[in-house]
Amino acid sequence: MDGDILQHLTFMNVPAASTFRESRAVIVGLPFDCGAHPSRIGSRQGPAAIRQQSLALERGDEWSDIDCFKVLNVVDAGDVAVRPGVIDASFEAIRKAIAAIAGAGAVPVTLGGDGAVALPEMRGLHEVHKDLVTVHLDSHTDAYPADGYDNGNPFLRAVEEKVVDPAASFHVGMRGNASPPSVFKLARDLGYTVVPQRDLLESGFDAVFDRIRQATRGRPVYLCWDMDFFDPGCAPGVCTPTPGGVSAREGLRILELCEGLNIVGISVNTVSPPHDPSGATALLAANVVLNFLNLMARGKANSPR
């Protein structure tokens, strides 16, 4: 990656690698945050915490006998060399790294970082997957009106830059006083389908994800998993904890409902270690990553490279 990647402890001790031609899934850390929150700054430390907690996990898939690490030849590319708070240079480094991984035919599995990393990730994925759509699981739309670039507006800028098609894209799980109706309206005016937490619970997980699979059928999907999609009771160490989210059990079930989506990139972000003293949020994030790899391996086990 020409010096743009820094090596660290790897996720679940998978091999470190800087070339990805033989891999279908590549772990990469994005230790970046804008420093925009008045008090909860720390998600730049998220990738290290997720990797550390991943060492407590055991390989295995409760749904099959498939070893995802062998099927996918999972490697860890280390961290992109970003500078927290320095947006232009950091976004360009992230875009370049994601495009390189996707261009090699692998799925980038990123560890954030705050929600701002979604924009350069979508830029990089769009270079390879022109018909890109997104499924964004979060307590916020991250399509807020604001000048410039920050963790509140990556999905607004993505539409403006035409790196994602909002007409087949979804925001799921929005709730709380940080997401007033006017923000939902803005996202909908941009073309996104917004499924607030209330609608997710009333319609049911299966019905919502049946709708998502139908709308995104065959198209490349960027799955953006903000850890505050979970309730702070199980994921307290996030940038903006918002009560009323899904439980750990519900969230991991929702991940299984992503089966059938053509996921070309996944971001697991907003773990903030200074607000996660027990490591519970980072451990749950590591489980999301492992369960996604298992899900991906089940779909890829019998398919050609």
Straight-line distance of [X] [atom1] to [Y] [atom2], nearest 0.5 Å:
| X | Y | atom1 | atom2 | value |
| --- | --- | --- | --- | --- |
| Leu257 | Leu252 | CG | CG | 11.5 Å |
| Leu30 | Asp79 | CG | CG | 7.5 Å |
| His140 | His171 | NE2 | NE2 | 13.0 Å |
| Tyr144 | Ser182 | OH | OG | 8.5 Å |
| Asp199 | Thr193 | CG | OG1 | 11.5 Å |

Neighbour count >12 (heavy atoms, 6.0 Å) for atom CD, Glu259: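 Result for CD/Glu259: open.
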Is the backbone of [Y] close enough, under 3.5 Å, to the side chain of [X] for a donor and an acceptor to pair up by distance?
| X | Y | value |
| --- | --- | --- |
| Asn262 | Arg217 | no |
| Thr110 | Pro108 | no |
| Arg59 | Asp67 | no |
| Arg157 | Gly148 | yes |
| Tyr222 | Val164 | no |
| Arg175 | Pro243 | yes |
| Ser169 | Val133 | no |
| Glu121 | Ser267 | no |
| Arg298 | Ile66 | no |

Quiz item: cation-pi between Arg253 and Phe205, 6.0 Å / 45°: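 No - Arg253 does not lie over the ring of Phe205 by the 6.0 Å and 45° rule.
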Working for side chain to side chain donor-acceptor pair (under 3.5 Å), residues Thr270 and Asp226: CA-CA 6 Å; Thr270 70; Asp226 189 308; 2.7 Å; yes
Derivation and outcome, side chain to side chain donor-acceptor pair (under 3.5 Å), residues Asp228 and Ser139: CA-CA 6 Å; Asp228 69 28; Ser139 63; 2.8 Å; yes
